[in-house]
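The next block holds one structure in the form of structure tokens; read it before the comments.
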Amino acid sequence: RTKLRENKPDDWETPNMYGEISYLVLNPTWNVPESIIREEILRKVNEDSSYLERENFKVYQDSVELNLDEVNISMFSADTIPYRIVQDSGPGNALGKIKFMFNNRFGIYLHDTPSRRPFNYSNRAISHGCVRVEKPLQLAEFIIKDDSKWNIDYLKIEIGQQVDDKSKINEYYQKRSSLRNIKYSTEDKTTEIILEKKIPLFIDYFTAWVDNNGAINFRDDIYYRDKLLMEYLFPKD
């Protein structure tokens with residue numbers, strides 16, 4: 001609420017980790033975490049009663065979709081929120097058009113985003129732990145370049161992007177049912193690309209390093225980890 005970095009919750013930090021990207025989700029839906037329901041969705045609904053409908057959210061209770069008029073907004077701040085909120089895939093979806101998935105215990109993934117402005121910020125630590133990707137199509141193309149079934153043209157067609165070679169459109173739709181993940185029906189916008197070869201992924205945190213030219217680089221310690229290291233390396237006692 002204050003927009004001050006020092007007030008950012010600790011559980012919004014992206015943890016250091018190693019993983020292997022094993023599949024991509026195209027046209028993903030977004031299951032909103034309870035923390036975001038409490039900290040953001042509640043405030044936005046209070047400011048604009050049409051927010052849920054306008055942003056293509058659906059609300060479920062015990063797996064049953066509710067009419068938005070039936071939703072008790074006060075329960076968004078409950079210790080145990082009785083609702084599951086899901087944002088449909090589409091142009092305004094918070095995860096954009098592509099999600100890059102890898103197994104980890106933190107529920108972290110890489111994803112596209114419709115909010116492009118933050119990529120111009122010098123401090124881009126604005127997410128809730130997940131990592132936004134500035135150029136998702138280029139990353140996706142690199143990841144699937146050796147895939148025997150999918151290619152970047154097929155991927156673009158599935159997410160509604162234009163392709164240079166128009167013959168690829170008919171070619172893709174002839175193969176579409178065999179390419180799409182079996183758990184999704186042909187009516188679903190969302191589908192998955194299961195990778196034939198997993199891609200190693202390292203997420204690390206550096207505030208100082210030496211680049212290939214031998215120059216020392218320094219960056220802001222946005223998670224205040226250097227202070228903790230200093231306390232251990234140079235104890236005052």
Side-chain angles (χ1 to χ4, degrees), residues 1 3-5 8-17 19 21-45 47-48 51-58 84-104 106-144 150 152 154-163 184 188-193 195 199 201-205 219-220 222-223:
R1 289 173 181 156
K3 305 298 183 183
L4 297 176
R5 193 172 68 201
K8 188 174 182 180
D10 290 341
D11 61 1
W12 283 15
E13 294 184 3
T14 302
N16 291 20
M17 71 176 80
I21 299 176
S22 57
Y23 67 100
L24 313 185
V25 182
L26 308 184
N27 302 312
T29 57
W30 180 37
N31 287 281
V32 185
E34 286 194 0
S35 60
I36 297 181
I37 295 175
R38 293 189 187 95
E39 295 159 7
E40 296 190 20
I41 300 294
L42 175 60
R43 173 175 53 82
K44 290 178 179 178
V45 172
E47 292 172 353
D48 178 4
Y51 174 77
L52 292 175
E53 181 178 7
R54 178 165 49 80
E55 296 296 327
N56 295 318
F57 286 103
K58 293 180 178 178
R84 183 169 63 92
I85 299 181
V86 180
Q87 187 179 39
D88 277 347
S89 60
N93 185 280
L95 307 183
K97 295 288 188 178
I98 311 174
K99 185 166 64 166
F100 305 83
M101 302 299 293
F102 55 100
N103 286 332
N104 64 89
F106 305 102
I108 300 296
Y109 44 83
L110 315 184
H111 66 87
D112 180 20
T113 174
S115 302
R116 312 307 299 175
R117 185 182 300 175
F119 290 115
N120 295 320
Y121 297 169
S122 58
N123 175 16
R124 295 184 290 190
I126 60 171
S127 292
H128 298 77
C130 289
V131 180
R132 304 184 193 191
V133 179
E134 183 177 9
K135 299 179 179 180
L137 280 174
Q138 287 91 327
L139 178 59
E141 184 172 21
F142 170 77
I143 288 175
I144 66 172
W150 283 85
I152 192 61
Y154 291 176
L155 185 151
K156 284 182 176 180
I157 295 166
E158 185 63 34
I159 65 173
Q161 298 281 331
Q162 292 185 346
V163 294
Y184 296 102
D188 289 327
K189 294 179 181 178
T190 302
T191 194
E192 296 173 356
I193 298 178
L195 301 179
I199 307 296
L201 172 71
F202 295 86
I203 297 180
D204 218 326
Y205 181 85
R219 296 295 185 272
D220 287 344
I222 59 173
Y223 291 162

- Mind running side chain to side chain contact (heavy atoms under 4.5 Å, CB included) on Thr29 and Leu95 for me, showing each step along the way? CA-CA 8 Å; Thr29 57; Leu95 307 183; over 6 Å; no
- Query: Should the heavy atoms of other residues, nucleotides or ligands under 6.0 Å from CG of Asp204 be counted, would the total exceed 12?
  - Reply: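 Correct, the count exceeds 12.
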- Does atom CD of Glu47 have more than 12 heavy-atom neighbours from other groups under 6.0 Å away?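 Atom CD in Glu47 is crowded, with more than 12 foreign heavy atoms closer than 6.0 Å.
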Shortest non-hydrogen contact between [X] and [Y], atoms and distance:
{"X": "Pro114", "Y": "Pro91", "result": "CB-O, 3.7 Å"}
{"X": "Val133", "Y": "Pro136", "result": "O-CD, 3.5 Å"}
{"X": "Ile98", "Y": "Ala140", "result": "CD1-CB, 4.2 Å"}
{"X": "Glu55", "Y": "Gly92", "result": "OE1-O, 4.5 Å"}
{"X": "Cys130", "Y": "Thr14", "result": "O-OG1, 4.0 Å"}

Side chains of [X] and [Y]: does their closest heavy-atom pair fall under 4.5 Å?
{"X": "Ile144", "Y": "Leu155", "value": "yes"}
{"X": "Thr191", "Y": "Leu26", "value": "yes"}
{"X": "Asn56", "Y": "Trp30", "value": "no"}
{"X": "Glu134", "Y": "Arg116", "value": "yes"}
{"X": "Val32", "Y": "Val86", "value": "no"}
{"X": "His111", "Y": "Pro28", "value": "no"}
{"X": "Ile193", "Y": "Val25", "value": "no"}
{"X": "Val131", "Y": "Tyr109", "value": "no"}

[atom1] of [X] to [atom2] of [Y]: how many Å apart, nearest 0.5 Å?
{"X": "Ser89", "Y": "Ile159", "atom1": "OG", "atom2": "CD1", "result": "11.5 Å"}
{"X": "Leu139", "Y": "Leu110", "atom1": "CG", "atom2": "CG", "result": "7.0 Å"}
{"X": "Ile203", "Y": "Asn16", "atom1": "CD1", "atom2": "CG", "result": "8.5 Å"}
{"X": "Arg132", "Y": "Asp112", "atom1": "CZ", "atom2": "CG", "result": "10.5 Å"}
{"X": "Phe57", "Y": "Lys44", "atom1": "CZ", "atom2": "NZ", "result": "7.5 Å"}
{"X": "Leu137", "Y": "Gln161", "atom1": "CG", "atom2": "CD", "result": "5.5 Å"}

- Message: I'd like to know whether the aromatic ring centres of Tyr223 and Tyr205 sit less than 6.0 Å apart in this structure.
- Response: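 Yes; Tyr205 has its ring centre under 6.0 Å from that of Tyr223.
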- Centroid separation Phe100 to Tyr23 less than 6.0 Å: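 Centroid distance Phe100-Tyr23: not below 6.0 Å, so no.
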- Residues Glu40 and His128: side-chain donor-acceptor under 3.5 angstrom: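 Distance-only check passes for Glu40 and His128.
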- Ion pair check, Asp48 and Arg54, cut-off under 4.0 Å: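 Here Asp48 pairs with Arg54 in a salt bridge, since their nearest N and O are under 4.0 Å apart.
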- Query: With Ile199, which residues qualify under side-chain contact (heavy atoms from CB on, under 4.5 Å), at least two apart?
  - Reply: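 With sequence neighbours excluded, Ile199 shows a side-chain contact (heavy atoms from CB on, under 4.5 Å) to Ile21, Ile143, Leu195, given in chain and number order.
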Without swapping roles, check the side chain of [X] against the backbone of [Y] for a donor-acceptor pair under 3.5 Å.
{"X": "Glu13", "Y": "Gly129", "answer": "no"}
{"X": "Thr190", "Y": "Asn27", "answer": "yes"}
{"X": "Asn93", "Y": "Asp88", "answer": "yes"}

- Message: As a quick check of understanding, evaluate side chain to side chain contact (heavy atoms under 4.5 Å, CB included) for Lys156 and Gln162, giving each step before the final call.
- Response: CA-CA 7 Å; Lys156 284 182 176 180; Gln162 292 185 346; over 6 Å; no
- Task: Kindly determine whether Asn31 and Arg84 satisfy side chain to side chain contact (heavy atoms under 4.5 Å, CB included), including the steps that lead there.
- Result: CA-CA 7 Å; Asn31 287 281; Arg84 183 169 63 92; 3.0 Å; yes
